[in-house]
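Just below is one structure, and these are the notes that go with it.
All ligand and atom numbering here is 1-based and tracks the order in the structure.
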Amino acid sequence: MRRYRKRTLLLMVGSALAVPALLLSLLSIKLVRDFADIGQTVGREYGEYMATIAAGAVENAFLDREQVNMVAARFVPPEGPGEVIRFLNRFQEENPLYLLSFFVLPEGLVFYSDLAPERSTPYRPLPDWVTDRILATMLKQGEIPSGLQHLQADHPDAPLQITYFTVAGSGGRLLGVAGFIWDLEEVRTNRDFFTQTLDRMVFNNESLFRGAFFDSPVAITILDQKGKPFYSSSRTATDGYIAERPFERLLPFYRVGVQLRDDRFASRITTVVWTSSAMIGITFLAIIAALAFSLRFLLREIELAELKSTFVSNVSHELKTPLALIRLFAETLQLGRVESEEKEKEFLGIIGKESERLTHLINNVLDINRIEQGKKTYRMVPLDLAVLVRETLEAYKFSLSKEGFLVESEIEDDLPPVTADGDAVTQALINLMENAIKYSREERYLRVTLRRDGDNAVISVTDKGMGIPASAHERIFEKFFRVEKGLVHDVKGSGLGLSLVKHIADAHGGEVRVASRPGRGSTFTVAFPFHPPRSGEDRATAATTPEDDEPQTGR
Ligand code: ADP
């Protein structure tokens, strides 16, 4: 239940931070994508705007020329059919843009200019649809159009552009229609015309919108009916057109394409998108990492708080039991109600043992406190561990056998001395033995050994008690940690004993290990090196007295 609540709490805190972080990241990604889209739209629209302006400028330049031609032609009309060819030749000479000039009389008779006949042969005679359309225009009596007229055919290999207008003789009588087939090759190679027109109307036109945000200069290209460029205002244009647009009234089979002169604009957008995305990603990861760290920290704090509260109740209980016994037997003795001297001795023994347990417990608590405050020091001296282990066992033997324990020991006597704090080593051994006793069930067995293992003196304490599940093997050495399942709940304890053992082992440059299976028992081993390393943080708290060379037991 408690675990369930803890998980809910962590889940709530986690999602309270992770969900907004995720939403924020998604929102930022959307904004960055919108920015990229807007950038592209702005680019495209600016391109379309430029294409429209450029197409209009070129068309108008052509139309202006034609307008002038038309006025000039009408100014000196042919006086009669005999003059028509001369009129046409003169006109074509003045206008290299035209490949063939023709004159259609109202009756349907067609005259042609006879300059450079070889190039104009394919157009002579005019296709029927052309003459038909022209005659149809003239036959509309009363509303004959007065301005320039255009006819186009967008054949993929040989497109056709024709301009025509009516010509009146003196007295205003309609003579016929003068028409011109454009020399499209001349159009395509007329670089100067395009350059001058575009410079005047587009590139040097101060009244045009320049696109404050779109400062990358454009290249204007003109493409033929097959999409092949035949003129470009710049040789260094980027690939691909940001906008394309056909001409409208003249040459509608040709198109204007707008390109960028460099990829400054696109690369700026790409840079913004990439840097923003990277920053969003990094920020998101940082939030998640911070979150994970905080949750771990929170979890530890919650666990520690829980452990501390059980610690208080456990320790109070641990203190109460021996105190109650001491009081009970002290009162009994005081009242002189003891029948025999033997009983009196037994009671005194119990009082002594219980006060020892109390002292031991209080020592554990005080030591942990000292360790936490960094004030714990060890008095390192050369020590004969065999003597120490034997004496400690001896002190416990009587009460152990009374409690029905089978005690075994195997102690190697000829080990070299170990540099150690005798009190600390004794405390560690007592903690391990007390645990072995506390956590034993029906099978009451205790085995203590001291042997050499390479460069270490190893003390081991074995019981055949309830054992420890593998999942808890590491955690039992943490402060306050207690296995919380089954029978263990019945056994009171502070959860400090093993953490002290570990600290003592570490401070001596050694280590503590556990081998245990639930229901089968446990073996704890503490290794003390004969030659502990001189450096290391645990050693920093150790105070050694090298002048004291005699092996000691620390008692
Ligand atoms: P305490 O015994 O006061 O609870 P310890 O730090 O000495 O605290 O031990 C931590 C936990 O490890 C114990 O609560 C117990 O669950 C488990 N434990 C320690 N020694 C043994 C043992 N010999 N047999 C079974 N479990 C043990």
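- The distance from ligand 1 to the heavy atoms of V483 drops below 4.0 Å at these ligand atoms: 14 (O), 16 (O).
- By the 30° and 60° cut-offs, the orientation of the rings of F293 relative to F297 is parallel.
- Shown here for V32 and S277, the closest heavy-atom pair between the two residues is CG1-OG, 4.1 Å.
- Contact atoms of ligand 1 toward F481: 10 (C), 11 (C) (distance under 4.0 Å to a heavy atom of the residue).
- Across every non-hydrogen atom of G497 and N431, the tightest pair is O-ND2, 3.2 Å.
- By the 3.5 Å distance cut-off applied to N or O atoms, L498 is counted among the residues near ligand 1.
- Among T462, T449, D463, the single residue meeting the side chain to side chain contact (heavy atoms under 4.5 Å, CB included) criterion with T523 is T462.
- Taking a 4.0 Å cut-off on heavy atoms, E434 fails to register as neighbouring ligand 1.
- Using a 4.0 Å cut-off to heavy atoms of R482, the atoms of ligand 1 that qualify are 1 (P), 4 (O), 14 (O).
- With Y378 as the aromatic partner, K376 meets the cation-pi criteria of under 6.0 angstrom to the ring centre and within 45 degrees of the ring axis.
- Taking both residues in full, the closest heavy atoms of E48 and A243 are given as N-CB, 3.3 Å, listed atom of the first, atom of the second, then distance.
- Closest to atom 14 (O) of ligand 1 by heavy atom, among F480, F477, Y439, is Y439.
- Assignment of N431 to the shell around ligand 1 is not supported, since no heavy atom sits closer than 4.0 Å.
- Interface atoms of ligand 1 facing G495, defined by a heavy-atom separation under 4.0 Å, are 1 (P), 3 (O), 4 (O), 6 (O), 8 (O).
- Residues S440 and K464 form no side-chain contact, since every pair of their non-hydrogen atoms from C-beta on lies 4.5 Å or further apart.
- If you look at I468 next to ligand 1, the close heavy atoms, those under 4.0 Å, all belong to the side chain.
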TODO: In sequence, state the C-alpha distance, the side-chain angles, and the governing distance for K502 and E478, and then conclude on side chain to side chain contact (heavy atoms under 4.5 Å, CB included).
DONE: CA-CA 9 Å; K502 180 167 165 35; E478 286 175 20; over 6 Å; no
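- When non-hydrogen atoms are compared, ligand 1 lies under 4.0 Å from the side chain of F524 (C-beta onward) but not from its backbone.
- Here is the list of ligand 1 atoms found below 4.0 Å of a heavy atom in K438: 1 (P), 2 (O), 3 (O).
- Close approach of ligand 1 to S522 is summarised as follows: ligand atoms under 4.0 Å from at least one heavy atom of the residue are 22 (C), 24 (N).
- Taking each heavy atom of I326 and S355 in turn, the nearest pair found is CD1-N, 3.7 Å.
- Listed by atom number, the atoms of ligand 1 under 4.0 Å from L496 heavy atoms are 6 (O), 8 (O).
- Taking a 4.0 Å cut-off on heavy atoms, G465 fails to register as neighbouring ligand 1.
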